[in-house]
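These notes are about the structure you will find just below.
Throughout, a chain's letter reflects where its sequence line sits, starting with A, and its residues are numbered from 1. This structure is a prediction, so every number in the text was calculated from the model and none was measured. Only this structure's heavy atoms are used, side chains among them; waters, hydrogens and symmetry mates stay out.
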Number of protein chains: 2
Amino acid sequence: MLNSLGREIPEFIQGIGTLEPFQGAWTKLRKGWMDEPTIPAPNKAYLPHQNKLCNSLEEAIERSGPHNGMTVSFHHHLRNGDIILVKTLAILHNMGIRDITLASSSLIECHDPIFPFLCDGTITRIYSSGIRSQLGRAIAMGALDIPVVIQSHGGRVRGIHTGKVQIDLAVIAASAADCEGNATGASGKSAFGSIGYAVIDVRYAKQVVVVTDNLVDYPCIPLSITQNFIDHVVVVDSIGDATKIATGTTRITNSPMDLRIAKLAAEVIENSGFFVPGFSFQVGAGGASLAVAKFIREKMKTRDIKGSFLLGGITSYCVDMLNDGLFETIFDVQSFDATVSNSLLNNRRHIEIPAALYANPFNCGCITNKLDVVVLGALEIDVDFNVNVITGSEGYVRGASGGHSDTASGAKLTVVACPSFRGRIPIIKKRVHTVVTPGETVHVLVTERGIAVNPAFKELEENLRKAGLNIKDIHDLEIEVDKITGVPDPLEYTDKIVGVVEYRDGTVIDVIHQLLEKSDYKLY
Amino acid sequence: MLNSLGREIPEFIQGIGTLEPFQGAWTKLRKGWMDEPTIPAPNKAYLPHQNKLCNSLEEAIERSGPHNGMTVSFHHHLRNGDIILVKTLAILHNMGIRDITLASSSLIECHDPIFPFLCDGTITRIYSSGIRSQLGRAIAMGALDIPVVIQSHGGRVRGIHTGKVQIDLAVIAASAADCEGNATGASGKSAFGSIGYAVIDVRYAKQVVVVTDNLVDYPCIPLSITQNFIDHVVVVDSIGDATKIATGTTRITNSPMDLRIAKLAAEVIENSGFFVPGFSFQVGAGGASLAVAKFIREKMKTRDIKGSFLLGGITSYCVDMLNDGLFETIFDVQSFDATVSNSLLNNRRHIEIPAALYANPFNCGCITNKLDVVVLGALEIDVDFNVNVITGSEGYVRGASGGHSDTASGAKLTVVACPSFRGRIPIIKKRVHTVVTPGETVHVLVTERGIAVNPAFKELEENLRKAGLNIKDIHDLEIEVDKITGVPDPLEYTDKIVGVVEYRDGTVIDVIHQLLEKSDYKLY
């Protein structure tokens with residue numbers, strides 16, 4: 001069957017189930033959501049003054065009743081510094097547990113060591129927001145029989161809440177925790193800031209282990225995670241290296257090209273009609289988009305505009321803007337910089353929020369629904385403004401859905417900021433390899449070669465033209481770039497589906513096919 | 001059938017269902033809890049940038065789809081100053097809605113105006129922690145055909161979580177809220193402190209209305225209640241009178257008798273073996289028990305003991321102890337004094353907690369499970385240390401289960417402090433009219449005539465004797481009091497059951513029978 005973007009979606013996939021085709025960004029929020037079931041959270045009971053402390057992660061896992069076919073979940077707040085995911089899966093592997101569904105809020109380069117577990121039947125299913133590096137290549141080449149499911153941050157909450165992902169064991173790395181499992185990421189030697197993605201896991205998982213390298217006196221404050229959801233507590237030497245959080249996609253660019261794009265994007269925002277007192281703002285991760293914050297900050301000061309809230313992945317730039325009084329509040333679901341922990345701990349207007357409040361489409365209104373302006377990146381964007389943030393030009397899985405589609409669907413102004421080509425490969429395409437965010441939720445594309453406004457938003461285009469910005473038709477931009485780079489040979493795929501890209505509402509917006517094996521890459 | 005306390009419990013009650021007899025304070029936590037179902041929270045969906053503001057409470061209720069047989073819930077944080085419960089039920093009554101189940105976290109004198117709705121079929125069922133005043137008399141006299149169900153604060157959460165109470169509409173009074181429904185009780189002209197009892201309601205109710213007299217700029221901080229659970233927001237002139245919170249049961253006594261008991265209770269704690277650095281402490285509401293805090297404070301200073309946390313209903317005495325550095329942390333599920341709001345707002349070690357975390361028996365361990373010492377009151381206590389805090393000596397319903405049985409079941413030392421008689425009516429009985437808290441969870445009774453230790457706790461008795469305290473056998477104490485007061489004539493009851501007292505785990509610990517009508521009281 002075809003979804004509303006014309007993408008071919010199978011009706012059923014063994015190991016995943018029946019698929020529902022994407023029918024528009026807000027269609028299911030208007031109708032259809034009422035048919036979605038939700039699942040009951042597990043019932044538990046503990047006697048007073050029981051001891052939850054285990055001597056080792058092995059012991060905690062043993063106590064949690066591991067079994068073949070289990071689903072194990074993790075958060076990725078330590079990003080590339082995390083060591084708990086690999087450690088846990090190695091323990092399960094050593095216990096002989098097979099057919100594991102890995103449900104992580106994301107997977108990053110540091111998780112590459114689990115690659116052998118994909119090959120030997122230890123891990124047979126993956127739900128994640130992102131997959132990168134060796135794992136992303138392996139997935140693209142067909143390492144798993146069952147396709148991975150890519151979910152947005154809001155979609156992940158929805159998936160857990162509706163029972164599509166049923167977690168048997170959640171392993172929660174925390175930079176501080178007490179003996180009862182009250183825990184946070186905001187203090188301790190491995191502080192990583194918000195622990196917002198893990199909140200849904202602890203509520204629904206049948207068993208929850210908190211792992212910390214910093215056992216503090218009861219109670220651990222703030223209560224980012226609360227003891228009533230925690231079965232076992234383990235103290236380890238280290239949960240990872242928080243200095244590795246602010247690497248790669250989360251570092252503000254030094255590239256002159258990216259800075260130029262960021263400057264243009266800031267001008268777009270400034271003249272969009274949405275840069276008004278009380279506006280709310282989010283910048284995604286990725287080269288140019290983080291840099292936009294820098295320019296917006298200057299414009300806010302110059303024009304004496306005070307905003308309402310900053311949302312999402314929070315950097316020290318955001319904290320500076322809060323401290324400057326440029327924004328009233330920060331809502332922090334993920335800290336892109338360990339140094340923001342101090343602000344999270346001490347500034348009551350810097351608020352840690354769970355992913356459900358951040359972006360779940362199935363509730364009374366997440367905060368992305370209240371967002372005015374978001375700046376996002378892209379691996380590819382097509383002439384219908386559909387955005388790919390999951391597969392690279394070489395066909396590997398190398399990105400993350402993250403909050404991309406969540407924020408785009410909510411914001412009044414969604415700006416995609418990216419170069420028009422990278423390494424002589426065009427970023428603007430007739431058709432992106434993989435759609436993650438539908439074009440109807442993207443208002444404007446900003447590249448170094450010009451700005452393209454989604455034709456559905458005439459008033460925006462008019463505002464930007466009036467401001468003298470260089471507006472081009474996206475089709476012209478696409479042709480212009482093709483002339484510079486040439487049109488790359490199309491990638492070749494097999495019929496096998498290796499990835500299912502869920503839209504935030506659970507419908508399928510695209511699938512990823514297996515790459516035909518190339519001479520320069522061997523899976524095994 | 002008889003429960004383990006020898007109380008006769010019917011197997012089934014029309015309108016309530018099958019009853020499970022109480023079998024011991026921790027029996028169901030050891031086995032049986034796994035058979036309890038939990039219910040899924042409702043699914044909801046809202047489009048971005050929708051408006052939740054209604055012009056009136058009537059409009060919000062209309063939008064929530066009121067219907068006959070609905071369950072409507074409220075919190076009682078404004079205690080005797082609340083006006084929203086009565087207002088809401090009057091609106092529903094005016095709409096012609098009938099057969100309502102009222103599920104309030106408690107009912108107080110100020111709710112007397114709903115009495116006619118019990119008589120005319122508007123309200124046919126009540127779930128509450130407490131019932132007092134005219135409503136308590138009416139219930140005792142048989143105003144409702146279906147018995148009221150008395151739940152502890154933890155039991156209420158369990159009841160909602162397991163689906164025994166399924167809320168159609170939760171109406172949440174908030175002293176500050178924003179247009180999306182983020183809300184708190186900690187600021188504003190009607191600030192009442194913690195809103196901890198309402199948190200479970202908003203998560204499970206099919207529709208949730210936030211009512212405030214103080215609409216603030218988005219976002220309302222702190223996010224005690226979050227927007228993702230709120231369907232409608234209403235601004236009214238007033239939600240009530242917060243100065244009426246600290247009346248009656250929540251005011252520290254001036255009575256010399258109560259002060260004497262409080263002083264004795266503090267001596268019991270001091271010499272119990274549990275008055276050690278790092279101890280945790282809760283005092284319940286009620287004449288003598290609140291005053292204990294005063295004496296404990298002095299003893300902590302004298303003996304240079306620093307405690308861990310203060311729990312429960314929080315008074316300004318608790319806040320003073322936190323500020324004095326006597327305790328590390330306050331966990332505040334309910335503020336017994338509006339003036340503590342300032343501390344709740346500004347001191348990060350004064351932590352607002354939801355009732356689930358406070359006292360729900362069915363999770364990985366609520367905070368009452370971690371409690372060392374609790375001081376509680378009693379309307380009656382019997383020679384088996386069973387405590388009645390729900391029916392008065394005249395047989396009316398006039399108290400509240402509250403956190404009484406929750407804290408007693410969790411604490412290492414449960415002290416019941418009360419006078420041995422009141423108004424020439426003995427408080428120590430051979431058999432209490434109604435058991436709310438089972439004797440096995442009560443360690444010691446402190447009265448002005450002496451101290452009685454539960455014989456199950458030999459070491460405690462020894463510790464207290466060594467300290468030279470006046471220890472008596474509870475049977476002797478009972479006889480001694482009877483000699484002074486005489487034994488009152490037994491109350492006369494009909495076979496009709498007017499109240500079911502649930503233990504925190506959902507089993508039935510006692511039932512309340514209809515009082516035989518007396519000449520000095522007419523129901524209608």
* Looking at B:Ile367, B:Asp505, B:Asn360, B:Asp372, which one has more heavy-atom pairs under 4.5 Å with chain A than the rest? -> B:Ile367
* Asked: For chain A, which of B:Ala45, B:Cys366, B:Gly278, B:Ala356 has the most heavy-atom pairs under 4.5 Å?
  -> B:Ala45
* To do: Evaluate side chain to side chain contact (heavy atoms under 4.5 Å, CB included) for B:Gln50 paired with A:Asn369, printing each intermediate quantity in order.
  => CA-CA 8 Å; B:Gln50 271 188 314; A:Asn369 269 10; over 6 Å; no
At their closest point, which heavy atom of [X] faces which heavy atom of [Y], and how far apart are they?
X        : Y        : result
B:Leu223 : A:Phe331 : CD1-CE2, 3.9 Å
A:Pro42  : B:His161 : O-NE2, 4.0 Å
A:Lys370 : B:Cys179 : NZ-SG, 3.4 Å
A:Gly365 : B:Tyr46  : N-CB, 4.3 Å
A:Pro48  : B:Ser409 : CG-O, 3.4 Å

Side chain, backbone, both or neither: which part of [X] has a non-hydrogen atom closer than 4.5 Å to chain B?
X        : value
A:Ile351 : side chain
A:Thr38  : both
A:Pro219 : both
A:Glu180 : side chain
A:Phe309 : side chain
A:Arg349 : both

* To do: Spell out, as yes or no, whether a donor-acceptor pair under 3.5 Å connects the side chain of B:His49 to the backbone of A:Gly410.
  => yes
* So, the side chain of B:Lys52 versus the backbone of A:Cys364: is there a donor-acceptor pair under 3.5 Å, distance only? -> yes
* Asked: If you count heavy-atom pairs under 4.5 Å between each of A:Ala41, A:Ser308, A:Gly163 and chain B, which one has the most?
  -> A:Ala41
* Asked: Considering only heavy atoms, which portion of B:Leu47 lies under 4.5 Å from any heavy atom of chain A: side chain, backbone, both, or neither?
  -> both
* Side-chain touch A:Arg348/B:Leu345, heavy atoms, less than 4.5 angstrom -> yes
